[in-house]
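The structure under discussion appears below in the form of structure tokens.
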Amino acid sequence: MYPSSPTSRHQPLLRTSSRSGYPRFIPVKYKNFYLILFTIILVGLILTGIFQFWPHSIDIREERESFSLYDVGHLEEVTVPLMSAIPDRGELECRMHSCFDPYQCQSSPNNRISVYIYPMKKYVDENSVPVMPSISREFQEVLTTIADSEYNTNDPAKACLFVPSIDLLNQNILRLRETGQVLGRLPRWNHGHHDFQLQGANHLLFNMLPGMEPDYNTALEVPRGKAILAGGGFSSWTYRPGYDVSIPVFNPFTADMELPGKPDGYSRPWLIVSAQTVIHMDFRAELDAVARDNDDVLVLDRCNDLPEGIPAHRRRCKEDRVYNYPDILQEATFCMILRGARMGQSALSDAMMAGCIPVIAIDTYVMPFSEVLDWKRAAVILREEDLPDVHNVLRRISQERITNMRRQVEFFWRSYFRSMKAITLTTLKVINDRAFRHASRSYEDWNDPTPKSGVTSPLFLPLIPTQAMGFTAVILTYDRVESLFRVITEIAKTPSLAKILVVWNNQAKAPPQGSTWPKVNKPLKVIQTTANKLSNRFHPYDEIETEAVLAIDDDIIMLTPDELEFGYEVWREFPDRLVGYPGRVHLWDNATKSWKYESEWTNDVSMVLTGAAFYHKYFGYLYSMAMPGDIKNWVDTHMNCEDIAMNFLIANVTGKAPIKVTPRKKFKCPECTNVDNLSADQSHMVERSVCINKFTDIYGMMPLKMVEHRADPVLYKDNFPEKLKRFNQVGPL
Amino acid sequence: MHAKKRYALVLFSGLLLLLFYYGGVRLLAATSAAAHHSRGAWAPAPHGGGRRPDKLGAARSYLRTFADSDDQEAADLHAESPKRRRMARSALYRNAKCRMDTCWDFSRCPPHKPFRVYIHPNAEHTDTTLGPGPQSAAYTKILEALRRSGYLAERPEDACVLVLAVDTLDRDRLSPDYVSGAAQRIQALPLWSGDGTNHLVFNIYSGTWPDYAEELGFDTGRAVLAKASFSMDKFRPGFDISIPLFAKDHPQRGGRPGDLTANTFPAATANKYLLVFKGKRYLTGIGSETRNALYHLHNGDDIILTTTCKHGKSWKSHDDGRCQQDQQEFDKYDYNTLLHNSTFCLVPRGRRLGSFRFLEALQAACIPVIEANGWELPFSEVIEWDRATITADERLLFQLPSILRAIPPEKILALRQQTQFLWETYFSSVERIVLTTLEILRDRIMSHQSRSAFIWNRPPGALAVLPEYSENLADFPFFRSPLGLPPPQGFTAVILATSPIISQSAPIYKLIKAVAMSKHAAQIVVLWNSEKPLPAKNRWPPTGIPIMVVKGQSKVSGKQMSSRFFPYDIIQTDAVLSLDEDTILNTDEVDFAFAVWESFPDRVVGYPARSHYWDEAKSRWGYTSKWTNDYSMVLTGAAFYHRYYNFLYTHWLPEEARRLVDEGDNCEDILMNFLVSHVTKLPPIKVTQKKQYKETMLQGNSKSSRWADPNHFSQRQTCMNGFVDLFGYMPLKRSQMRLDPLLFKDPVSNLRKRYRQLELV
């Protein structure tokens, strides 16, 4: 509608202007016409103006309120009666199971809480004096963040969490009683049905500066019933574990600053800097004493006479020397954070911004987001009494730990502290994790800096699985029935074999009749696939009831039962690895600057071929359901490299090399089905190299690990009677 | 006509204009109102989205910040001094409001002094005092675990933590183990100093029928309460410690391993049931609600939740009409079968919040589904229970099946493994429960060195990761791969020398030469345990790496054997190659073994292997050096291991274990293998060697060799059984493989092989 309006408005104008080419003289007989035309155009213009620049006068009510977010001058005025009900002061016993109503969150989809923000209104008392000051920039950011987030809902009936658009960030400027009354009058405060047992339940309040002179309570003193408080500066006594959220104190004066990053390995000249201006003089005296004894400690204070125009919060002084703040924090390894009147200190955020490891000596302070963040990895926590000893403690901290802590500090800052938006979203995530605890983020999700550098094997328990379970052999076959039958007959002799699964990939031909199959003493099952895909080999079929799977080609007949049984025994000792027979290696080709596949006799191994290899069924699941990128499709399209893909997959999730078992023996080279000509062989090798490079690109690094060992039976080739060896049919016989 | 046309045209265009603007806008408003009739205050208007950022920017510029500098920096600089504030606070926040900062006397635990625990004497009662009274079996176990913890103090003034001799485990007045007069017994103790400062009070049952309020019948004051079935309401965060409810017959040490024998995937393949419960139903009173509602979820198929009313004296009077029907279902199932064939086990609260079922499910790898609102889970300060359990809300009981069915199989795989890790690490014996409690306290006291959740919640767990060894995870053998770090570089050869060196062809010189030629060798340390003087400097073979001599313990001191595993500061590398003076090795053997160790830095990697077996006839463990198809130990006369194990050997193993070694002058290698397998739960690794080591020695080539001693062997057997006793179980694991170089004995030219010397005969 709007885009078309300018043209339609201009058309008549153009028409009149086109008249301007006519003589100035206006004939009388057109006078009326022009008058009417002019009036119509004028009316049209006025109406246009009204619609264009003031459309809300005719819009529906909600629409106007929605706009009020940005136009704080025009708010609906609500009078709060003097005797209006005041909520309880805030119950210290509240926990999620006692004060939070979970039923409200049941309609929230995808294990995600829905958050409703109350419309903003202007509250006045009976004397028409506003109850609260205008909204602050920071609180507005809180609201905007929620409104723009996936948590936002516009339907209070579907909401799980309610956020009043009442700015409680700074208690200093609040009228406590009246603000409490305003909360009590919120439509959903009493659950919409005057249930006073639940007053304030599922409401979330944000506060950063709690308490006031002289005793500075550590939690917001506005009467707030059962509302969850996201507060800065909680002490352990006011914080309700698992219910409130401890948030950092945002520093509006430094938050917009971009400190130029320090290069890696930058050596910070100061060990400890204290740059807080409002710490108790006793603390300062203790710090000064530390600084007197150690020349790598810098204790700063506010500057006394700064020239006009330089904001005080940008400078710190030590006697006559002037330092830029927060820049000076970048010059220190550790930054002291002590309490002022309040426990929550914005200096913590400043230190983190500067990559300076916070040293926190605030007894009983609840660290920001301590419910999910592991501060032991990012900060040094001391007792206030140990302050005189601080240098002793810190100078003993090793460089490695400092490096790790700093990385952690920078990660926390980046992810959870840097803006009001980050703080708000983190708060919601914390509450979301509680409401849907079974789907909560893990410790690693919260605490491991991204990109992740290390890996923990998904099979992390040191457990040697029971031998009794045995393994399932999965034979992928197309139409080499004769060879297939020989393989079945051979492997059936392996004692620990539990079941044979034949995956019939030929879509044109049905598998042979039941009676023609070899008679073996192990259960045998044929699975007919619906498409001829290599990936079918690794599918985690329900028929596989064992942990261990032996992938074997339909032409591998040279493995003895001893070798297979031994392979299984080795797999039991390394159940999270690929354990196989023929080994291969990847090499870096300096000439082409790319990876190369190598199948020659080598002293290293980084892959084993899945023409005969044991793996945990879980990896078959990962291969089928969760392989990165389009590797699976690539393999199916190219009909090659499924084994390389499996080697990459396992090495990537475990960080471990495969295990090659038993000495090399003459395998019918699985990679050279037509060994007749050398060029076919070579092109095959080229294709395998292409795979390695392609997969490396997809993973963003080379996950394969190279080792120099293989597993043999303990007594292999030892001068010992063969008949006493458990595995003697091993290797070239 | 002309004019009329014009009028008509202009009128028409005017009308069009009106209609277009007025009607159009109305229409749109109406439709948008219809579509979003319930739109709340914060909905981004569909056609207004584009406007917002500009307006926002404009708004930002005129909105105030939430605090001006005075707000943030308001400080009462002349207010109460921090010291006075602390004192006032300590006076105010005591008893129910205790925190470490206010109730704990840290001056008893200065950083330079070792952490020690003192147990009140078991004094007879006198005229003025009642004495400690009777001790239950469980409390005796706890005290025994404390005595063996290595933290025991002889005198109270050396101790940071004090533990009562009065049995406070069962404070249920109706219970037979209830110790009467506990309040008087405790209050009379001078060390209790009226309020129990720095005391650790253990309790398993508190409160009694009918309300089961968590009172202990005496004032615990400032004592840290280590209590089972702790409710969040009573729990003092960061001060109290929630411990698990354990049975009277919970083993003193060792303990049964977890029941998981295989990581079947998905777990449902092996498990018939999704969720099971078999237990009492209370019908009325506290904790009865959830159990009374369970039958709604029971489907007789994969959710088996059965209850019985038949317990207590007066169940019939409360019968709600379901009891008989419940009993029929109840009798159909066996508790243990259910436990071991289900993916999840329901752990609902009983009268108290915790139940035995919790540990039983944990051990059985049946993922506990906790329905106990307000229960502070055991060791919640350090254990992340969401990795091993599902905590559900009692109020949402009926949603449980859909929640459980939605948990992806890979998460179940992780949860089950974690149950086993937690069970075996922190819960399987009284000793482990007590040690975990102490380590939590220790972490609080050394707050700037304490172990992160990362250490507590992954194998091998915090009991085996000592912060006093290093504050860097990379220095431990367990975490390099999880941290994405390359293996550590280089090794230190530590050679134990006990016999004098007579000739220039002494085996030790050959050994030094061979080892020094390894490209990975960083230094050689000779432990000179002989009373004879050290050979002159110029007689040592020339090497490119430093040789250091440590004047070790002589035979007389009786600490000779353990001294070989002392964590000497001069050992600069993580890898230690432990050697006997008469070991014969060539450089390729050393290089290859080191390459293998780099892949397995948490294990012992060595050459000659030994095995243990269960001697049915003598019903004791046997030790064998025969050539067998498997092994469970490698001898430390030639083996690589991580130097952290030196630290554990010297500072962490029980004193008696080392005494056993030193007294017999033997078995140090068995103990080292016990230690490493105990920590890793994995076997050692044997690698190829060219010559058969030591076996030749047994024929008596070297007269001084202790291997020639006929007693030597039976002594080793005795040691092994002694160690099993000390550890409480047999930690050794068997392996059937040996690691060889890739081309070992393969039919290719020797020139292609990297480790050729291995194959020279």
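This is a predicted model, so every value here is computed, not measured. Every chain is numbered from 1 and lettered A, B, ... according to where its sequence line falls, protein lines coming before strand lines.
- Contacts of B/Gln736 with chain A are made by both backbone and side-chain atoms, with heavy-atom separations under 4.5 Å.
- Both the backbone and the side chain of B/Glu410 come within less than 4.5 Å of a heavy atom in chain A.
- By number of non-hydrogen pairs under 4.5 angstrom with chain A, the leading residue of B/Asn263, B/Leu682, B/Thr688 is B/Asn263.
- Heavy atoms closer than 4.5 Å to chain A are found nowhere in B/Pro460, neither backbone nor side chain.
- Both tests pass for A/Arg383 against the ring of B/Phe106: distance under 6.0 Å to the centre and angle within 45° of the axis.
- For a residue to count as touching a neighbouring chain, one of its non-hydrogen atoms must lie under 4.5 Å from one of that chain's; by this rule A/Val380 touches chain B with the side chain only.
- Heavy atoms of B/Val596 lying under 4.5 Å from chain A belong to its backbone as well as its side chain.
- Neither the backbone nor the side chain of B/Phe479 has a heavy atom closer than 4.5 Å to any heavy atom of chain A.
- Using modelled atom types, one finds a donor on one side chain and an acceptor on the other under 3.5 Å when comparing A/Ser398 with B/Asn472.
- The part of B/Asp393 that comes within reach of chain A is its side chain, from C-beta onward, which places non-hydrogen atoms under 4.5 angstrom from that chain.
- Residue contact with chain A, scored on non-hydrogen atoms closer than 4.5 Å, involves the backbone and the side chain of B/Leu739 alike.
- Residue B/Asn457: no heavy atom, backbone or side chain, is found under 4.5 Å from chain A.
- For A/Asp282 and B/Arg84, the salt-bridge test fails: no basic side-chain N is under 4.0 Å from an acidic carboxylate O.
- Interface remark: B/Leu485 contributes no atoms to any contact with chain A (heavy atom separation under 4.5 Å).
- Across all their heavy atoms, B/His448 and A/Arg401 have their closest contact at O-NH2, 2.9 Å.
- For a residue to count as touching a neighbouring chain, one of its non-hydrogen atoms must lie under 4.5 Å from one of that chain's; by this rule B/Phe235 does not touch chain A.
- Residue contact with chain A, scored on non-hydrogen atoms closer than 4.5 Å, is absent for B/Glu598.
- Between A/Asp363 and the options B/Arg99, B/Arg85, B/Arg89, B/Lys83, a salt bridge (Lys or Arg N to Asp or Glu O under 4.0 Å) holds for only B/Arg89.
- Only the side chain of B/Thr269 has a heavy atom closer than 4.5 Å to any heavy atom of chain A.
- In this structure, the portions of A/Lys717 lying under 4.5 Å from any heavy atom of chain B include both its backbone and its side chain.
- For a residue to count as touching a neighbouring chain, one of its non-hydrogen atoms must lie under 4.5 Å from one of that chain's; by this rule B/Ser470 does not touch chain A.
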